[in-house]
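In what follows, a structure is listed as structure tokens, so that the remarks can point back to it.
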Amino acid sequence: MEVPEYKRRRTFAIISHPDAGKTTITEKLLLFGGAIQLAGSVKGRKAARHATSDWMEMEKERGISVTTSVMQFEHNGAIVNLLDTPGHEDFSEDTYRTLTAVDSALMVIDVAKGVEDRTIKLMEVCRLRDTPILTFINKLDREGREPIELLDEVESVLKIECAPMTWPIGMGKRFKGVYQLYRDEILLFNPQHGGKIAESTLVKGLNNPHLDELLGLQADELREEIDLVKGASHEFDLDKYLRGEQTPVFFGSAINNFGIAELLDAFAEFAPPPRPRQAEQREVKPEEDKFTGFVFKIQANMDPAHRDRVAFMRICSGKFEKGMKMHHVRIGKSIQVANAITFQADSRKHVEEAYPGDIIGLHNHGTIQVGDTFTQGETLKFGGIPYFAPELFRRVVLKDPLRAKALQKGLVQLTEEGATQLFKPLKNNDLILGAVGILQFDVTAHRLKHEYNVECVYDASPINTVRWVSSDNPAKLEEFKNKAFENLAEDGGGYLVYLATSRVNLQLTEERWPDIHFSATREL
Ligand code: G4P
């Protein structure tokens, strides 16, 4: 019997601390997956790393770099969808939301650095949905920490069992390759900086005398170490991996193309296809006939050549067909989708059909919000990552007052993406931007200038934090609106928020208004 299309899908994202090698691995996966011909085609390597200037540089190459938001390729019969996530931590909310759209994740760890901050945070997000995690320990061509010690660290800090799938033979200058525990094969390392794929030498069997000729003393060292590893580590257990309790671990050097092919093979073999997904109303199975999907990301002006806004939708069940009608649940309307797009490493093209696990791009004219669910008529809502109350606030000041309309438009469109949030006080015409990271203000100003031709500067804002406001008691809510008018605003989605000037102010207001609910997150 033919395998249903959705079962071939492997939809994942890479989680790592900046500099561990995410960009390099992405590129090499595309190379081995045949999606690109030569490494070096994935631009924006320095993207969003440390300084604003790096990010701005990337912005210039935006047309190329952001088409890599979703990358699809085929490997060993599997259709792999790799979802890119921003490297900079000021964009972490974007990453959290993207993680709601994947079925598994690849964790990349730098052999010299071990488990780092960002990895810990991202792992916490993965744990919310028990996302299965595969681990790649990178940069074995450099001196690093003892592999056993690293696995211990992953187990104790990230609270997940490790099952080594390959084991490194030396490291740094003595790095000779890896032993594949379950194939009883040795893959010998052949430094390869270029973009082409080189065959590694393969030796069958740990006890093969040929190994002593090739490795000298390191052959016996390896045999002893493997004995030890087998005794001290966990055996690979597919079910545990799928439950998110165990991570299979691979070693290699991405920049040298080493260990990537094995990683990709294992990924196609073990990583889960789409699984049933919980909506508020019921569980939705990928094999259901009817189409469902949800939007996890919105990006404005993705491609300077198109200058459009794209909503990224993850398909959860059924099948997408060009021209089909979809029901936009939040606003209760049907739309006909004639020109959804897919994304490939170097281009975008129109989708004829797509299946659960796939990501399609819908053209958005402002009606679609992050978190929106689409169905074929049923009222369903997939839960996602909410909006968090920002911690930093700036008042936007326009340089040329005649550009007020363009500013409004730009801010509305850019804040739709979710990285920054817009607040409009009820009492005046101020525009207040909120963000979780300072870099986002610079990026917004930069994009306003380049994408909307609006120049603005920022003023300090007295706001300390915001809370979304609601109440089961309409009369009390009205009363609150009147009394607290000076401190109220609408957010970009039209929801009511309280602007607190200090923690104390917030606390007092909460105490004074027990019938009003003050929420630090806005549910999508
Ligand atoms: P990121 O996306 O996770 O931030 O990491 P990225 O791939 O950009 O890699 C960070 C740095 O680590 C890069 O060096 C990259 O070349 C290097 N790197 C990646 N994989 C390996 C590896 O297997 N071995 C070694 N030795 N280095 C590796 P860079 O100097 O910061 O950038 P670039 O000048 O090479 O672009």
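It should be emphasised that the depicted structure is a prediction, and the values quoted were computed from it without experimental measurement. In this chain, residues are counted from 1 in sequence order. First listed ligand is number 1; within each ligand, the first listed atom is number 1.
Of the candidates Gly21, Gly172, Gly252, it is Gly21 that places a heavy atom closest to atom 5 (O) of ligand 1.
When only modelled atom types and interatomic distance are considered, Tyr182 and Gln180 share no side-chain donor-acceptor pair under 3.5 Å.
Every atom of ligand 1 is numbered from 1 in the order shown, and the set under 4.0 Å from a heavy atom of Lys22 is 1 (P), 2 (O), 3 (O), 5 (O), 7 (O). Against a heavy-atom cut-off of under 4.0 Å, Thr24 is close to the following atoms of ligand 1: 6 (P), 7 (O), 9 (O), 15 (C), 19 (C). Heavy-atom proximity to Asp19, at under 4.0 Å, picks out these atoms of ligand 1: 1 (P), 3 (O), 4 (O), 5 (O), 10 (C), 12 (O).
Taking the six-membered ring where tryptophan is involved, the planes of Phe251 and Trp167 are perpendicular, since the angle between them exceeds 60° and thus also 30°.
Remark: ligand 1 and Lys139 share an N or O pair separated by less than 3.5 Å (distance only, no angle test). For the pair Pro18 and ligand 1, the shortest N or O to N or O distance does not fall below 3.5 Å. In terms of polar-atom proximity, defined here as any N/O pair under 3.5 Å, Ala254 does make such a contact with ligand 1.
A cation-pi arrangement is absent between Arg314 and Phe296, since the terminal nitrogen or guanidinium carbon is not both under 6.0 Å from the aromatic centre and inside a 45° cone about the axis.
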Side-chain donor-acceptor pairs of residues 203-212 under 3.5 Å, sequence neighbours excluded:
from: Lys204; atom 1: NZ; to: Glu185; atom 2: OE2; distance (Å): 2.3
from: Asn208; atom 1: OD1; to: His210; atom 2: N; distance (Å): 3.0
from: Asn208; atom 1: ND2; to: Lys204; atom 2: O; distance (Å): 2.9
from: His210; atom 1: ND1; to: Glu213; atom 2: OE1; distance (Å): 3.3
from: Asp212; atom 1: OD1; to: Arg223; atom 2: NH2; distance (Å): 2.9
from: Asp212; atom 1: OD2; to: Arg223; atom 2: NH1; distance (Å): 3.0

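Contacts between Asp141 and ligand 1, counted as non-hydrogen atom pairs separated by less than 4.0 Å, involve the side chain only. Contacts between Ser253 and ligand 1 below 4.0 angstrom, taking non-hydrogen atoms only, involve backbone and side chain alike. Of all the heavy atoms of Asn138, the ones lying under 4.0 Å from any atom of ligand 1 belong exclusively to the side chain.
When the salt bridge (charged side-chain N to carboxylate O under 4.0 Å, His left out) test is applied to Arg145, the partners found at least two apart in sequence or on another chain are Glu149, Glu153.
When atom types are taken as modelled, the side chain of Arg127 and the backbone of Lys159 share a donor-acceptor pair closer than 3.5 angstrom.
Open room surrounds CD on Glu235; 12 or fewer heavy atoms of other groups in view lie less than 6.0 Å from it.
The residue from Lys297, Arg309, Arg447 that alone fulfils the salt bridge (charged side-chain N to carboxylate O under 4.0 Å, His left out) condition with Glu417 is Arg447.
Ligand 1 lies nowhere less than 4.0 angstrom from a heavy atom belonging to Asn256.
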